[in-house]
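None of these values were measured; they are calculated from a predicted model. Residue indices begin at 1 and follow the sequence shown.
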Amino acid sequence: MTRLYRWHAETVEGGRLILWGIVTGHRKLPDGMSIHTSPVLSVFRDPEKEDGYVFKTKNSEFHVSLADCDYAQCMIASNEDIP
């Protein structure tokens, strides 16, 4: 199962959503690598974690926990859009 830690979401060109974070359990990427995902295609609740969500991209599913969200980065990304 691929997980993201210290993650945050960001809206990019065209209004698409991507995630940034530290990855573990990916089939091709080493654990502990800082990454950003390809655009998110769907999101749903993770049935295994009360505060968890699964973000599906073209080739992967990323499991996240709200407790691991880097809210400081979310605020920075949000404020960049404000003139």
Side-chain angles (χ1 to χ4, degrees):
M1 172 183 320
T2 304
R3 293 198 173 278
L4 280 183
Y5 296 92
R6 293 183 16 213
W7 65 278
H8 70 277
E10 182 178 333
T11 304
V12 294
E13 183 180 325
R16 298 176 300 167
L17 184 72
I18 63 170
L19 301 178
W20 292 83
I22 307 298
V23 70
T24 62
H26 194 278
R27 66 186 182 282
K28 293 182 179 178
L29 303 173
D31 287 353
M33 183 177 191
S34 181
I35 67 159
H36 69 82
T37 67
S38 57
V40 173
L41 301 176
S42 63
V43 61
F44 53 92
R45 292 296 306 258
D46 187 339
E48 297 179 18
K49 283 194 87 141
E50 186 175 325
D51 73 337
Y53 288 87
V54 179
F55 288 84
K56 184 172 174 59
T57 65
K58 181 178 180 182
N59 295 310
S60 298
E61 287 186 355
F62 295 91
H63 294 252
V64 303
S65 169
L66 292 180
D68 292 324
C69 183
D70 186 347
Y71 291 103
Q73 286 297 325
C74 291
M75 294 304 294
I76 290 168
S78 296
N79 288 335
E80 288 176 355
D81 296 335
I82 300 172

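No more than 12 heavy atoms of other residues, nucleotides or ligands sit less than 6.0 Å from atom CZ of Arg6.
Placement of Val43 and Val64 within a single hydrophobic cluster is found when ILVMFWY residues are connected by side-chain heavy-atom separations under 4.5 Å, directly or transitively. Under the 4.5 Å side-chain heavy-atom criterion for Ile, Leu, Val, Met, Phe, Trp and Tyr, Trp7 and Ile18 are members of distinct hydrophobic clusters. Taken together through direct or relayed side-chain contacts under 4.5 Å among Ile, Leu, Val, Met, Phe, Trp and Tyr, Leu66 and Phe55 form part of one hydrophobic cluster. Linking Ile, Leu, Val, Met, Phe, Trp and Tyr whenever their side-chain heavy atoms come within less than 4.5 Å leaves Val23 and Leu41 in two separate clusters. Tyr5 and Ile35 end up in different hydrophobic clusters when Ile, Leu, Val, Met, Phe, Trp and Tyr side chains are linked at under 4.5 Å.
Considering NE2 of His8 and NE2 of His36, their distance stands at 10.5 Å, rounded to 0.5 Å. Residue Asp70 holds its CG atom at 9.5 Å from CD1 of Ile22, rounded to the nearest 0.5 Å. The line from NE2 of His63 to OG1 of Thr24 is 10.5 Å long, rounded to the nearest 0.5 Å.
Distance alone, capped at 3.5 Å, is enough to place a donor-acceptor pair between the Asp31 side chain and the Gly25 backbone. A side-chain donor-acceptor contact under 3.5 Å links Thr37 to the backbone of Leu19.
The two residues Ser60 and Arg27 have their closest heavy-atom pair at OG-NH1, 3.7 Å. Nearest heavy atom pair, residue Leu4 against residue Gly21, reads CD2-C, 3.9 Å. Heavy-atom minimum distance, Leu17 versus Ala9: CD1-CB, 3.6 Å. A pairwise comparison of heavy atoms in Arg16 and Glu13 identifies NE-O, 3.2 Å as the closest pair.
Ring geometry for His26 against Phe62 counts as parallel: the plane angle stays under 30°, on a 0 to 90° scale with 60° as the upper cut.
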Item to check | Verdict with reasoning, Met1 to Glu48, per side-chain contact (heavy atoms from CB on, under 4.5 Å) | outcome: CA-CA 12 Å; Met1 172 183 320; Glu48 297 179 18; 3.6 Å; yes
